[in-house]
Novice: 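Quick one: the structure is below, and I'll ask about it shortly.
What you are looking at is a predicted structure, and each value in this text was computed from that prediction instead of being measured. This chain uses plain numbering: 1 for the first residue, then up along the sequence. Values reported hereafter were calculated over all heavy atoms of this structure, with side chains retained and with hydrogens, waters and symmetry mates removed.
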Amino acid sequence: MEIGKGERILLPMAWLLLVPGGMALLWQFGPDIDDWIAFAIMAGAAFVTGLFPLEFRNIAVSFQQWLLFAIFLRFGAAAEVLVSQLIVLASVFFSKSVLPPVHRFMINSLIFFCSSVMAAGVFFLSGGVTGSTSVSHVAGYGLLYMVTYLATNHLCLLTDSKWSGRPYNLRSRETLWDAASLLVTYPFGIAAYFLELTYGPGGLVPILIPFFIALLFAARYNTSESVNRRLESASKIGYELAGRLNSEELIRLFIHRIRQVKEADAVYLIESSEGRFLATNAWEEDKLTNNPRHLLITDSNRRGFDRLRAAVFGTAAEWKRALPFRLPEGIESVMVAPLSEENQLTGFVVAGSYRRHLFDREDCQIFDLLCTHFTVSLEKARYFETAASYSERCPLTGLRNYGWLERELERRVSNVNGGVLSRLSLIILDIDHFKRLNDTYGHQSGNDILISLAAILEKNTEGKGQVARFGGEEFVILLPGWRKEEAVEFAETLRKYIEHSIFEIRPDLGAERQKEFVGITASFGVASVPEDTDDPMDLLRNADRALYVGGKQSGRNKVGVYGR
């Protein structure tokens, strides 16, 4: 996440001004710790609890506050601030965030310090005292302390959001869960305080042991629920991928889902091509692209890739040592999983994040499962496209066939009628005296001419329109967005090109099939939508009529235009 220049300067200044000096004043004027064993036990328990928050429905809830509350009641504000700052410092190295560690520590340190000082201030100013043996006194002022701490904490988060632009919503489920956690932290904190006050450090055992046992079971249950949710999500994505029969659409969908589910900042699809690995599709710089620019292959042969398995890396130093490629600057966490078909390595999928230690082992397993779903779906989609391509193409010339032409013509005319496309022109051409060529040189020579002419049409039409074989010696060219005058000019250019071209054939009617060169001509017909019609079949018939009236009947080797 981008950090503003003002924040980079003002935040360290605010932290240096408030936290070190504030802690020094609290220690100078606060009470001394009279039982270091009890303090160490409570601080250690708070430290461990703070590092392992529980997750409920993707919301992290930490319960160390009951121990911090007990520390405050027993040893004062300075001791509570010290422990909370140590928890913040440790959490920087274990939690996941897009912010740099030092910057994140200063933000959280300030928030926790302000929350502690504000809660302690309200507690003391309203008449509360630490070390009290009165249950009503501790319960009443303790509740005031806890509510103030919670309110200040969220007020600080709101202020940070307004100042830095980082996302935060006061009216969110996170806030409700945080408030609900008071039902645990408040009574547990009071109980821990009185147990230690009455029985010494040993009095903490009856509450710490069941708490940590409950925390352990909750963590195990939480992990199980998390894995189940991930598997359910992976299954839904698998079904979604299986329903796509267009490979490009499938790749885009897969990259989007990986980016959303895994909170990735970059996703790359690396595919094997002629013995080399190339990045073919990616999400980088906040957009999809089929020309990735920020993944650099550093191992030009396959050895580095052949040794690579599904893996997760928590820091840039880790993945830079292990991976045969380089990712965008700033990427820390990385997941990689192989793609294979029939035990043959065909590529890799790589997900990266600017946050350290974002992915864990379970993430990697789900990621590998998703890649398996993707491989199967991609193989099916490409097989379908190949089959569809064969069914839509002329086996002799390789051009689109009449079945494709019907569907495409329907779609294009519909686009014009619906206002999506401004106009559409159609050219139909027919080889002059083609029967004579077949009778003179044989049908194989006629096929040779058809193949050569198809190549000429495809080359000259590339980037302009689409060409198809209409049947026999007839071809059709669709020109979306072209005016009739432009189509007539293009048809005239093609007519001259064909007239001056030489076609190589090997006649099969003689005893020896020796190479010969012949010339041909073609007649053309042109019609357009919406000038001439708004019906696809009428457009084809109009162009065909122009071909025979303005082309064939006018002497051949001419361009006929419908309506003239």
Novice: Grab the two heavy atoms, one from E408 and one from R411, that are nearest each other, plus how far apart they are.
Specialist: OE2-NH2, 2.8 Å
Novice: Check this for me: does any side-chain nitrogen of one of R293 and E285 sit under 4.0 Å from a carboxylate oxygen of the other?
Specialist: yes
Novice: If only atom types and distance count, is the side chain of W319 paired as donor or acceptor with the main-chain N or O of S333 below 3.5 Å?
Specialist: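 Not confirmed, W319 side chain does not pair with S333 backbone.
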Novice: Do the side chains of V83 and F47 get nearer than 4.5 Å, heavy atoms only?
Specialist: no
Novice: Is there a donor-acceptor contact under 3.5 Å from the side chain of S377 to the main chain of H373?
Specialist: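 Looks like yes, one N/O pair under 3.5 Å.
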Novice: Without swapping roles, check the side chain of E332 against the backbone of Y354 for a donor-acceptor pair under 3.5 Å.
Specialist: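 Absent.
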Novice: Run the side-chain contact (heavy atoms from CB on, under 4.5 Å) check on E248 and N281 step by step: do they pass?
Specialist: CA-CA 9 Å; E248 289 299 319; N281 297 83; 4.1 Å; yes
Novice: Could you give the distance from CD (E379) to CG (L250), rounded to the nearest 0.5 Å?
Specialist: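 Reported to 0.5 Å precision, the distance equals 12.0 Å.
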Novice: Should the pair Y149 and Y145 be assigned to parallel (<30°), tilted (30 to 60°) or perpendicular (>60°) ring geometry?
Specialist: tilted
Novice: Can you tell me if E341 and T346 form a side-chain donor-acceptor pair at under 3.5 Å?
Specialist: no
Novice: With a 6.0 Å cut-off on ring centres, are F123 and F72 close enough?
Specialist: yes
Novice: Can you give me the closest heavy-atom contact between T152 and S115, atom names plus distance?
Specialist: CG2-CA, 3.6 Å
Novice: Do I237 and L253 come within less than 4.5 Å of each other through their side chains, counting heavy atoms only?
Specialist: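 Not in contact.
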Novice: Apply side-chain contact (heavy atoms from CB on, under 4.5 Å) to residues L295 and L327 and explain how you reach the verdict.
Specialist: CA-CA 5 Å; L295 185 141; L327 294 165; 3.6 Å; yes
Novice: Under a 4.5 Å cut-off applied to non-hydrogen side-chain atoms, are W15 and F105 in contact?
Specialist: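 W15 vs F105: side chains touch.
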Novice: Please give me the minimum heavy-atom distance between P210 and V205, naming the atom from each residue.
Specialist: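 Taking P210 first and V205 second, the nearest heavy atoms are CD-O, 3.9 Å.
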Novice: If you take all heavy atoms of P201 and E196, which pair is closest and at what distance?
Specialist: N-OE2, 4.0 Å
Novice: Roughly how far, to the nearest 0.5 Å, is SG of C364 from CG of L369?
Specialist: 11.5 Å
Novice: Give a yes or no on this: more than 12 heavy atoms of other residues, nucleotides or ligands lie within 6.0 Å of atom CE of M23.
Specialist: yes
Novice: Taking all non-hydrogen atoms of both residues, which atom of L182 and which atom of T185 are closest, and how far apart?
Specialist: CA-OG1, 3.3 Å
Novice: Answer yes or no: is there a side-chain heavy-atom contact under 4.5 Å between M146 and L150?
Specialist: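 Heavy-atom side-chain distance check fails, nothing below 4.5 Å.
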Novice: Would you compute the distance between atom CD1 of I251 and atom CG of L241 and round it to the nearest 0.5 angstrom?
Specialist: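 So the CD1 of I251 and the CG of L241 are separated by 11.0 Å.
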Novice: Checking side-chain contact (heavy atoms from CB on, under 4.5 Å) for the pair L197/R74: CA distance, chi angles, key distance, verdict?
Specialist: CA-CA 8 Å; L197 193 66; R74 178 68 176 83; 4.2 Å; yes
Novice: Rounded to the nearest 0.5 Å, what separation is found between the CD1 atom of I258 and the CG atom of L370?
Specialist: 4.5 Å
Novice: Given side chains that start at C-beta, do those of V349 and V336 come closer than 4.5 Å, heavy atoms only?
Specialist: no
Novice: Atom CG in L17, atom CG in L10: separation rounded to 0.5 Å?
Specialist: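 Output value for this atom pair is 11.5 Å.
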Novice: State whether the number of non-hydrogen atoms from other residues, nucleotides or ligands found under 6.0 Å of F325 atom CZ is greater than 12.
Specialist: yes
Novice: Would a distance-only check, ignoring hydrogens and angles, find a side-chain to backbone donor-acceptor pair under 3.5 Å from E80 to S116?
Specialist: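 No; judged by distance alone, with no hydrogens or angles, the pair does not exist.
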Novice: Going by ring pair (Phe, Tyr, Trp, His ring centres under 6.0 Å), F75 matches just one of W27, Y193, F69, F39. Which one?
Specialist: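 The single option meeting the ring pair (Phe, Tyr, Trp, His ring centres under 6.0 Å) with F75 is F39.
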Novice: Would you check if Y268 and H294 make a side-chain contact, meaning some heavy-atom pair closer than 4.5 Å?
Specialist: yes
Novice: Can you tell me if OH on Y199 sees more than 12 non-hydrogen neighbours from other groups inside 6.0 Å?
Specialist: no
Novice: If you round to the nearest 0.5 Å, how far is CD of E406 from CD of E410?
Specialist: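 E410 CD to E406 CD: 9.0 Å, rounded to 0.5 Å.
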Novice: Show your reasoning for whether side-chain contact (heavy atoms from CB on, under 4.5 Å) applies to V122 and V147.
Specialist: CA-CA 10 Å; V122 171; V147 171; over 6 Å; no
Novice: Please answer whether the main-chain N or O of A381 pairs with a side-chain N or O of S247 as donor and acceptor at a distance below 3.5 Å.
Specialist: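 Not a single qualifying donor-acceptor pair exists.
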Novice: Any side-chain heavy atom of L269 within less than 4.5 Å of one from F374?
Specialist: yes
Novice: Taking the side chain as every heavy atom from C-beta outward, state whether I207 and F188 have any pair of such atoms under 4.5 Å apart.
Specialist: yes
Novice: W66 and A192: which non-hydrogen atoms are nearest, and at how many Å?
Specialist: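 Looking at all heavy atoms of both residues, the closest pair is CZ3-CB, 3.5 Å.
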Novice: Backbone N or O of K320 within a donor-acceptor pair of the R326 side chain at under 3.5 Å?
Specialist: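 Flag set: sc R326 to bb K320 pair under 3.5 Å.
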Novice: Check whether S161 reaches the backbone of L157 with its side chain - one donor and one acceptor, N or O, closer than 3.5 Å.
Specialist: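 Looks like no, no N/O pair under 3.5 Å.
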Novice: Okay, side chain of R259, backbone of A264: is any donor-acceptor separation there less than 3.5 Å?
Specialist: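 Not a single qualifying donor-acceptor pair exists.
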Novice: Using a cut-off of 6.0 Å, state whether more than 12 heavy atoms not belonging to I37 lie near its atom CD1.
Specialist: no
